[in-house]
Amino acid sequence: MKLKLRSGRNLRQSDFVILAMVTILVIFGVVMVFSASYYKSINESGSPYSYLIRQGIFALSGFVIMWFCSWFDYHIYRRLSVLIIAVSFVLLLLVLTPLGVSEGGATRALYIGFTIMPGEIAKIAVIIFTAAFLAGDPKLILSFRRGVLPLLFLMALFGGLIIKQPNLSTAITVCGIIAGIMFLAGLEWKYVIGAGILGGSAVGTLIFLGDKLGMEHWKKRIVSFTDPFADALGDGFQVVQSLLALGSGGLFGLGLGKSIQKNLYLPEPQNDFIIAIIGEELGLVGLLLLLGVYAVLVWRCFHVCLNAPDRFGMLLSGGITIMIGLQVILNVAVVTSSMPPTGIALPFVSYGGNALWIFMASAGIVMNVSRQSGSQQGNTIKTAKK
């Protein structure tokens, strides 16, 4: 009986840590979206509360979605994996048709009475499909023809469609997720090293031969981040304003709500560059605390991955962990001019319904894997006692 109670306690703790970290991030995100969008909201609608109200609605509905996913049996996703990836593929194709909505020089959304971001849906779709594909046979990933090649084709197909939008960061995230799940499944190191060499060669080709290949846009995006101040009023404008915000914050920040760069200097401060406003208002200490919360969340999700009751649960929760961690790293890299500027949301914090719902649903899925891990552990203990 004592062992059974301990199993139940571990199960509740696992769910609670993930729930607590997600709740902290989402509530903090609502507060920071309100702060970052204050003047932009007044400029657009005459009210400072428009973004706050929308993000609050997104958050409340996101908690409902997360609760549902935490109780929905994750094994069902495996049976629906082909349908899910097919729907995601169709949505990515529709973005490139007249149904796609263009904004800021990119076409990344569909509007059918409400906005759909197919790139966000593609992330969870490739996680479910790749996990299902590799879950059945542990030796499948060791076969280049049957295991590695089909997933390389999936990376090229989805990555290519997303780059066409263009959306480099989401393409990197999707490909990184697939590669990460392959690594968890047992991908041989020679493929990892080969992919690194191939990726480095592709970037080098764009830098040195981009003009001749008719890819001036990508060359400019890749090169501009190395010295954004060289074109501070052009391609480097947003990154320059972001760096100014981070520099102004110092150690402890200017104070919540006291950002200067959000006064219509930094474009879209509530979206991809919200971490710059966080750094300006809360300083380096605030940023480190935020990254600490992310670190705890990623650690706990990874713990669930290691203790999953089956291979599909392990790959599924592992893919979600990779998605969260990778997107935090990419967002920080963009904001600090450590990689080419391209739109990518800060998980659970940036403004937007699609990204927030996907991340909260993903957190719910991990909690469901954790719940079933605890249940199986309890059953194993009871069986052993008998």
Side-chain angles (χ1 to χ4, degrees), residues 22-66 101-106 108-117 119-121 167 169-170 237-239 241-242 244-246 248-249 253-282 286-287 290 293-294 327-328 331-332 334-335 341-361 363:
V22 171
T23 301
I24 290 170
L25 289 171
V26 172
I27 293 175
F28 177 73
V30 172
V31 173
M32 291 311 305
V33 164
F34 175 50
S35 177
S37 66
Y38 191 89
Y39 295 106
K40 179 178 174 60
S41 181
I42 292 175
N43 184 57
E44 291 179 351
S45 65
S47 168
Y49 305 111
S50 59
Y51 283 95
L52 171 65
I53 293 172
R54 289 198 292 267
Q55 188 69 1
I57 294 172
F58 294 151
L60 290 174
S61 55
F63 278 112
V64 175
I65 294 171
M66 184 170 68
V101 178
S102 298
E103 184 178 355
R108 302 174 182 176
L110 294 171
Y111 185 76
I112 50 175
F114 55 93
T115 301
I116 297 177
M117 301 291 290
E120 298 297 329
I121 296 173
N167 193 344
S169 57
T170 298
F237 180 79
Q238 193 169 24
V239 175
Q241 300 305 313
S242 171
L244 290 174
L246 292 170
S248 300
L254 303 178
L256 185 63
K258 296 182 179 180
S259 166
I260 297 173
Q261 294 305 118
K262 71 181 181 184
N263 296 346
L264 306 182
Y265 291 106
L266 179 63
E268 303 295 332
Q270 75 284 353
N271 286 339
D272 308 329
F273 280 75
I274 194 170
I275 202 169
I277 304 301
I278 296 171
E280 186 179 11
E281 295 188 350
L282 304 180
L287 283 178
L290 174 62
V293 174
Y294 279 119
Q327 196 148 330
V328 171
N331 183 271
V332 173
V334 168
V335 172
T342 180
I344 187 165
L346 185 64
F348 305 104
V349 175
S350 290
Y351 172 78
N354 281 255
L356 184 59
W357 290 333
I358 291 295
F359 278 111
M360 296 187 78

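Residue numbers start at 1 and run along the sequence shown. Heavy atoms only: backbone and side chains are in, while hydrogens, waters and symmetry mates are out.
Proximity of Leu256 to Val31: side-chain heavy atoms (C-beta onward) are separated by under 4.5 Å at one or more points. Looking at Lys262 and Ser35, their side chains come closer than 4.5 Å, going by heavy atoms from C-beta outward. Residues Gln327 and Phe359 form a side-chain contact, since some pair of their non-hydrogen atoms from C-beta on lies under 4.5 Å apart. Between Val335 and Asn331 there is a side-chain heavy-atom pair separated by less than 4.5 Å. With contacts defined as side-chain heavy-atom distances shorter than 4.5 Å, the pair Leu346/Leu290 qualifies. A heavy-atom distance below 4.5 Å is not found between the side chains of Met360 and Ile65. Between Val349 and Tyr294 the shortest side-chain heavy-atom distance falls below 4.5 Å. A heavy-atom distance below 4.5 Å is found between the side chains of Arg108 and Met117.
In terms of heavy atoms, Glu281 sits closest to Gly257 at OE1-N, 3.0 Å. Residues Ala36 and Ile274 come closest through the heavy atom pair CB-CG1, 4.3 Å. Taking each heavy atom of Ile344 and Ser169 in turn, the nearest pair found is CB-OG, 3.4 Å.
Pairs engaging residues 26-41 under the salt bridge (Lys or Arg N to Asp or Glu O under 4.0 Å) rule: Lys40-Glu44, Lys40-Glu268 [sequence neighbours left out]. Among pairs with a residue in residues 269-278, none fulfils salt bridge (Lys or Arg N to Asp or Glu O under 4.0 Å), at least two apart in sequence or across chains. Here side chain to side chain donor-acceptor pair (under 3.5 Å) pairs that include residues 345-355, with residues two or more places apart or in two chains, are Arg54-Tyr351.
Take Ser41 and apply the side chain to side chain donor-acceptor pair (under 3.5 Å) test, not counting sequence neighbours, and it matches Ser50. When the side chain to side chain donor-acceptor pair (under 3.5 Å) test is applied to Ser37, no partner is found at least two apart in sequence or on another chain. In this view, Asn263 and Tyr39, Tyr265 satisfy the side chain to side chain contact (heavy atoms under 4.5 Å, CB included) rule, not counting sequence neighbours. Qualifying ring-ring contact (aromatic ring centres under 6.0 Å, His included) partners for Tyr49, counting only residues two or more places apart in sequence or in other chains: Phe34. Judged as a side chain to side chain contact (heavy atoms under 4.5 Å, CB included), and not counting sequence neighbours, the contacts of Leu287 are Leu246, Ile275, Ile278. Checked against side chain to side chain donor-acceptor pair (under 3.5 Å), Thr115 has no partners two or more places apart in sequence or in another chain. Remark: Phe273 engages no residue in a ring-ring contact (aromatic ring centres under 6.0 Å, His included) (not counting sequence neighbours). With sequence neighbours left out, Val101 forms a side chain to side chain contact (heavy atoms under 4.5 Å, CB included) with Ala109, Tyr111. With sequence neighbours excluded, no residue forms a side chain to side chain donor-acceptor pair (under 3.5 Å) with Gln55.
How far CZ of Phe348 is from CD1 of Ile27: 13.0 Å, rounded to the nearest 0.5 Å. Once rounded to the nearest 0.5 Å, the distance linking CG of Leu356 with CD1 of Ile57 reads 12.5 Å. In this structure, CG on Leu282 lies 12.0 Å from NZ on Lys258, to the nearest 0.5 angstrom.
At distances below 3.5 Å, not a single donor-acceptor pair connects side-chain atoms of Gln238 with backbone N or O atoms of Leu266.
Side chain to side chain, Ser259 and Glu280 meet the donor-acceptor criterion of an N or O pair below 3.5 Å.
Within 6.0 Å of the CZ atom in Phe58, the count of heavy atoms belonging to other residues, nucleotides or ligands exceeds 12.
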